[in-house]
Amino acid sequence: NSKNPLYLYAIFEMVIGVYAVLTPEIFKLIQSVYVGISVDMPVESDVLSFVRVVLGAGALLFPTILMGATLPVMFKFLSLQGVQSRTAISNLYSANVVGAALGSLAAGYVVLPALGRNGSTYIAAVLSLLIALYAIERLKRLGGRINDAAPTVADTTQDEIHLPEA
């Protein structure tokens, strides 16, 4: 229920980007914790399986929640902009789903083999940070209303928010 969901979106993207930069170090930490726990345990131990799940989920839970929150926050921003068309919102949702599917394919078959795990992670970080900067720039163009009520349709045009007319 942010007064300015675009600002919240920018913060989420920024935190996601910073977390992605830190991910290789987080994985090293997880590995050392796991090695410390598993020293005297058999590899097939149920306890180690549980530890692997907890460590992996713990490392990914925070950024995953933020990523999942970005689309609803963007929907909120658009509705405050006066975009009430279900078609516009459904087009954004469809683009998000298709982008996620194509991005997964590209990551698995092109980006990861070409850049490796860390290189791919850093590219994702840069993209998130660029998206955050773009959102901040949009805020400036909308009058910089970071703490005020969100801008309305009267403050912008359909071309500025880049949505198809419904």
Side-chain angles (χ1 to χ4, degrees), residues 1-27 53-54 56-166:
N1 284 339
S2 171
K3 287 185 177 182
N4 196 318
L6 188 56
Y7 178 70
L8 188 59
Y9 178 84
I11 294 297
F12 285 177
E13 286 292 343
M14 213 176 305
V15 172
I16 292 165
V18 169
Y19 196 93
V21 168
L22 298 174
T23 296
E25 294 306 313
I26 291 168
F27 285 172
V53 169
V54 168
L60 298 176
L61 185 63
F62 180 65
T64 302
I65 289 170
L66 289 178
M67 286 180 224
T70 57
L71 193 61
V73 168
M74 186 53 64
F75 287 161
K76 178 70 173 175
F77 169 73
L78 293 174
S79 71
L80 290 173
Q81 290 293 304
V83 178
Q84 299 297 327
S85 167
R86 291 181 190 256
T87 303
I89 299 297
S90 66
N91 286 344
L92 181 59
Y93 184 77
S94 297
N96 185 61
V97 170
V98 170
L102 293 176
S104 296
L105 284 171
Y109 291 105
V110 179
V111 180
L112 276 166
L115 302 176
R117 184 183 66 208
N118 289 350
S120 299
T121 301
Y122 294 138
I123 292 294
V126 167
L127 291 174
S128 285
L129 293 170
L130 287 173
I131 291 168
L133 290 174
Y134 177 77
I136 291 167
E137 179 61 29
R138 296 300 298 163
L139 273 170
K140 288 179 184 177
R141 288 185 184 187
L142 293 170
R145 293 180 188 91
I146 292 175
N147 294 320
D148 299 334
T152 63
V153 172
D155 299 320
T156 188
T157 67
Q158 186 73 15
D159 292 335
E160 287 179 312
I161 56 175
H162 305 291
L163 285 176
E165 289 186 65

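Remember, predicted model here, so these are calculated numbers, not experimental data. In this chain, residues are counted from 1 in sequence order.
Just one residue in the list Asn91, Val97, Ile89 forms a side-chain contact (heavy atoms from CB on, under 4.5 Å) with Tyr93, and that residue is Val97.
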Kindly indicate, with the supporting measurements, whether the criterion side-chain contact (heavy atoms from CB on, under 4.5 Å) is fulfilled by Met14 and Ile131. CA-CA 8 Å; Met14 213 176 305; Ile131 291 168; over 6 Å; no

List the steps and the verdict of side-chain contact (heavy atoms from CB on, under 4.5 Å) for Tyr19 and Ile26. CA-CA 9 Å; Tyr19 196 93; Ile26 291 168; 3.5 Å; yes

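Interatomic distance, Glu13 CD to Leu8 CG, rounded to the nearest 0.5 Å: 11.0 Å. The distance from the OH atom of Tyr134 to the OH atom of Tyr9 is 10.0 Å, given to the nearest 0.5 Å. To the nearest 0.5 Å, atom CG of residue Leu139 and atom OH of residue Tyr7 are 9.0 Å apart. Taking CG of Asn96 as the reference point, atom OG of Ser90 lies at 12.5 Å (rounded to 0.5 Å). A distance of 6.0 Å separates CG of Leu130 from CG of Leu133, quoted to the nearest 0.5 Å. To the nearest 0.5 Å, the span separating CG on Leu142 from CG on Asn4 amounts to 8.0 Å.
For residues 114-125, there are no side-chain hydrogen bond (donor to acceptor under 3.5 Å, both in side chains) pairs, not counting sequence neighbours.
The two residues Gly17 and Ala125 have their closest heavy-atom pair at O-CB, 3.4 Å. Of all heavy-atom pairs between Ala10 and Ala135, the closest is CB-CB, 3.8 Å.
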Do any side-chain atoms of residues 61-73 form donor-acceptor pairs under 3.5 angstrom with protein atoms, and if so which ones, sequence neighbours left out?
{"residue": "Thr64", "atom": "OG1", "partner": "Leu60", "partner atom": "O", "Å": "2.5"}
{"residue": "Thr70", "atom": "OG1", "partner": "Met67", "partner atom": "O", "Å": "2.7"}

